[in-house]
Amino acid sequence: MGVRAWIEGWPAVRQIAGRDPLGRGAAAKSDRSRMLRARTEDADRMVRSVCPYCAVGCGQQVYVSGERVVQIEGDPDSPVSRGRLCPKGAASHQLVTASDRQTAVRYRRPHGTEWEDLDLDTAMDMIADRVIETRRRTWEDTDENGRVLRRTLGFASLGGATLDNEENYLMKKLYTALGAVEIENQARI
Ligand code: SF4
């Protein structure tokens, strides 16, 4: 590289001599930053979604490549958040891609001190048995004055903030159909 090219490579020289006197554009770019490309550039498609973490419901653009989520950004078209995400929402990419994400069913027996892995079928059978038994045991058809209740207070649902809209919709339907009245989600807290 010649001396002239070397000097012209200095950001301050580019700022004074070029068309970027405030140094907020081309003058501030290094060779390396000029080579950088957005993670979203090679995405196959973008899907609009809603951040699941809290009740604000910020709009998200989810970029997918090879059927894998490669980036999640704020959706400028959302009237709620207008392209912004808080740090939690901006990190929701890791919700689906983090390598230490828990994917097996973990179970700690009553009085147990260690967690153990269960296969999904076994866990589903255990849950179904307990729901049916609890519902039978705690069902209230009427109150002491004969007024119709048709409910159980034997179990409740507290959903996590990583459940999406569709999952929450199905959970509300299921628990209401079972007669539960205490149905809540952490995102409303
Ligand atoms: S967690 Fe943050 S990004 Fe997500 S909905 Fe709430 S405020 Fe918006």
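Note that ligands are numbered from 1 as they come in the structure, with each ligand's atoms numbered from 1 the same way. For reference, positions follow the sequence shown, starting with 1.
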Visitor: Could you tell me if Thr122 and Asp119 have a donor-acceptor pair between their side chains, going purely by distance under 3.5 Å?
Guide: yes

Visitor: Please tell me if the side chains of Leu178 and Thr152 come closer than 4.5 Å, counting only heavy atoms from C-beta onward.
Guide: no

Visitor: Would you say Ser30's side chain and Ser33's backbone share a donor-acceptor pair under 3.5 angstrom?
Guide: yes

Visitor: Sequence neighbours left out, cut at 3.5 Å: what donor-acceptor pairs do the side chains of residues 73-80 make with other protein atoms?
Guide:
residue, atom, partner, partner atom, Å
Glu73, OE2, Gln71, NE2, 3.3
Asp75, OD1, Arg48, NH1, 2.8
Asp75, OD1, Gln61, NE2, 3.3
Asp75, OD1, Asp77, N, 2.9
Asp75, OD2, Arg48, NH1, 2.9
Asp77, OD2, Arg48, NH2, 3.4
Ser78, OG, Val80, N, 3.2
Ser78, OG, Ser81, N, 3.3
Ser78, OG, Ser81, OG, 3.2

Visitor: What is the number of protein N, O or S atoms that sit under 2.8 Å away from atom 8 (Fe) of ligand 1?
Guide: 1

Visitor: Ignoring hydrogens and angles, tell me if any N or O in the side chain of Asp20 forms a donor-acceptor pair with the backbone of Gln15 under 3.5 Å.
Guide: no

Visitor: Has Thr176 got a side-chain atom pairing as donor or acceptor with Lys173's backbone, closer than 3.5 angstrom?
Guide: no

